[in-house]
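First up is the structure itself, then whatever we jot down about it.
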Amino acid sequence: MDMFEYVMVLASIIVGLALTHLLQGMVDVVQRPRRLKLASIHLVWVLYTLVTIAFWWWWQFKLQELTQVWTFQAYLFVLFFAGLLYFISTLLFPKLLDPDLDLDAFFYDRRGWFFGATALYFVVDLADSRMKGAEHFASLGLEYVIATVVQIVLCLVAMRTRNAVFHWLFGLAALISQVEWAIRHYGTMG
C-alpha cells in the first residue's frame with residue numbers, strides 16, 4: 001500500500017459516512033408510514049451534496065500523481081476536507097425524521113450553517129487545487145477561480161435569505177454546474 005492509498009483509506013471512510021447519511025435520509029423519507037412534507041429546495045441541495053461528495057472522492061485521485069511527498073499537514077488537510085463534507089451532509093437530515101417535519105423549514109432553519117460550511121468547502125477546494133501543484137491549478141483556468149468565488153458569494157447571500165426563488169435558482173445552477181464541470185474536466189482518471 002503506497003502513501004496515497006494509506007491516506008485515502010480514512011478519507012474514504014469519512015466521505016462514505018457522509019454518503020450513507022444522505023442516502024439513509026432519503027430512504028427514511030420514502031419509508032415513512034406518514035408522508036413527510038417533501039421539500040423541493042431541500043431535495044436539490046441533497047442531490048447537489050451527493051454529487052459533490054461522489055465527485056470529491058473522484059477528484060482526490062489527482063493527489064496520487066501530484067503529491068510526491070506526504071506530510072502530516074497534508075494528511076490532516078485531506079481529512080479536514082473529507083470531514084467538512086460529512087459535516088455539510090449532516091445538516092441536511094436530522095438523526096430522526098419526525099413525520100410532521102417540513103424538510104424545507106428544516107433546511108431554512110439550518111441554512112446559515114449549511115451555506116457557511118459550503119462556502120468554507122469552496123475556500124478549502126481552492127487550497128486543495130493549489131496543493132495539487134501550480135501546473136494543476138493553472139490547468140483549471142480563470143473560469144475555476146471565478147466560478148468558485150461566485151459560489152462563495154452566493155453561499156454568503158444564501159445564509160441570509162429565505163427567498164425560495166433565489167434558493168431554487170442557486171441550487172439548480174450549483175447542481176448543473178457541478179455535474180458539467182466534473183464531466184468536462186474529470187471525465188477519466190489519469
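The aromatic ring centres of Tyr48 and Trp45 sit less than 6.0 Å apart. The ring of Phe115 has its center closer than 6.0 angstrom to the ring center of Phe107.
Contact detail for Leu92 and Val46: the closest heavy-atom pair is CD1-CA, 3.9 Å. When all heavy atoms of Phe137 and Leu126 are compared, the pair lying nearest together is CE1-O, 3.9 Å. The nearest pair of heavy atoms linking Trp57 to Val15 is CD1-CG2, 4.1 Å. Across Leu156 and Ala119, no two heavy atoms sit closer than the pair CD2-CB, 4.5 Å. The two atoms that bring Ala11 and Ala82 nearest to each other are O-CB, 3.9 Å, heavy atoms only. Closest approach of Met131 and Ala74 over heavy atoms only: SD-CB, 4.4 Å.
In this structure, Leu43 is not a member of the same hydrophobic cluster as Val27, with clusters built from ILVMFWY side-chain heavy atoms closer than 4.5 Å. Residues Trp59 and Val9 share a single hydrophobic cluster, defined by chaining ILVMFWY side chains whose heavy atoms lie under 4.5 Å apart. Tracing side-chain contacts under 4.5 Å through hydrophobic residues (I, L, V, M, F, W, Y), one never reaches Leu169 starting from Ile176; they form parts of separate clusters. Hydrophobic clustering keeps Val165 apart from Leu172 (ILVMFWY residues linked when any side-chain heavy atoms are closer than 4.5 Å, directly or through intermediates).
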Q) Does the pair Val44 and Phe170 meet the rule for a side-chain contact (heavy atoms from CB on, under 4.5 Å), with working shown? A) CA-CA 10 Å; Val44 167; Phe170 180 29; over 6 Å; no

Q. Given the rule in the side-chain contact (heavy atoms from CB on, under 4.5 Å) test, do Leu50 and Leu23 qualify, once you have shown the distances and angles that lead to the verdict?
A. CA-CA 8 Å; Leu50 278 167; Leu23 293 171; 4.1 Å; yes

Q) side-chain contact (heavy atoms from CB on, under 4.5 Å) between Phe93 and Asp28: does it pass, once the steps are laid out? A) CA-CA 10 Å; Phe93 286 105; Asp28 287 349; over 6 Å; no

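In this structure, a donor-acceptor pair under 3.5 Å is present between the side chains of Asp125 and Tyr144.
Between the OG1 atom of Thr49 and the CD1 atom of Ile88 there is a distance of 7.0 Å, given to the nearest 0.5 Å. Remark: Asp128 CG to Trp56 CH2 distance equals 8.0 Å, nearest 0.5 Å. Rounded to the nearest 0.5 Å, atoms CG (Leu47) and OG1 (Thr52) are 10.5 Å apart. Rounded to the nearest 0.5 Å, atoms OG1 (Thr118) and CE (Met159) are 10.0 Å apart. Atom-to-atom distance recorded for Glu143:CD and Ile146:CD1 is 8.5 Å, nearest 0.5 angstrom. Atom OG1 in Thr90 sits 9.0 Å away from atom CG in Leu22 (nearest 0.5 Å).
Remark: the backbone N or O of Phe106 is paired with a side-chain donor or acceptor of Arg110 at under 3.5 angstrom. Side-chain atoms of Thr161 do not come within 3.5 Å of backbone N or O of Val157 as any donor-acceptor pair. A side-chain donor-acceptor contact under 3.5 Å links Arg111 to the backbone of Tyr108. Checking side-chain atoms of His167 against main-chain N and O of His42 turns up no donor-acceptor pair under 3.5 Å. Without hydrogens or angle criteria, Gln151 side chain to Ala147 main chain gives a donor-acceptor distance under 3.5 Å.
Contact of the Val29 side chain with the Leu103 side chain is registered, since non-hydrogen atoms from C-beta on lie closer than 4.5 Å. Side-chain contact between Leu140 and His136: present, with at least one pair of heavy atoms (C-beta onward) separated by less than 4.5 Å.
Atom CD of Glu180 has more than 12 heavy atoms from other residues, nucleotides or ligands within 6.0 Å.
Using cut-offs of 30° and 60° for the angle between ring planes, the Phe81 and Tyr121 rings count as tilted.
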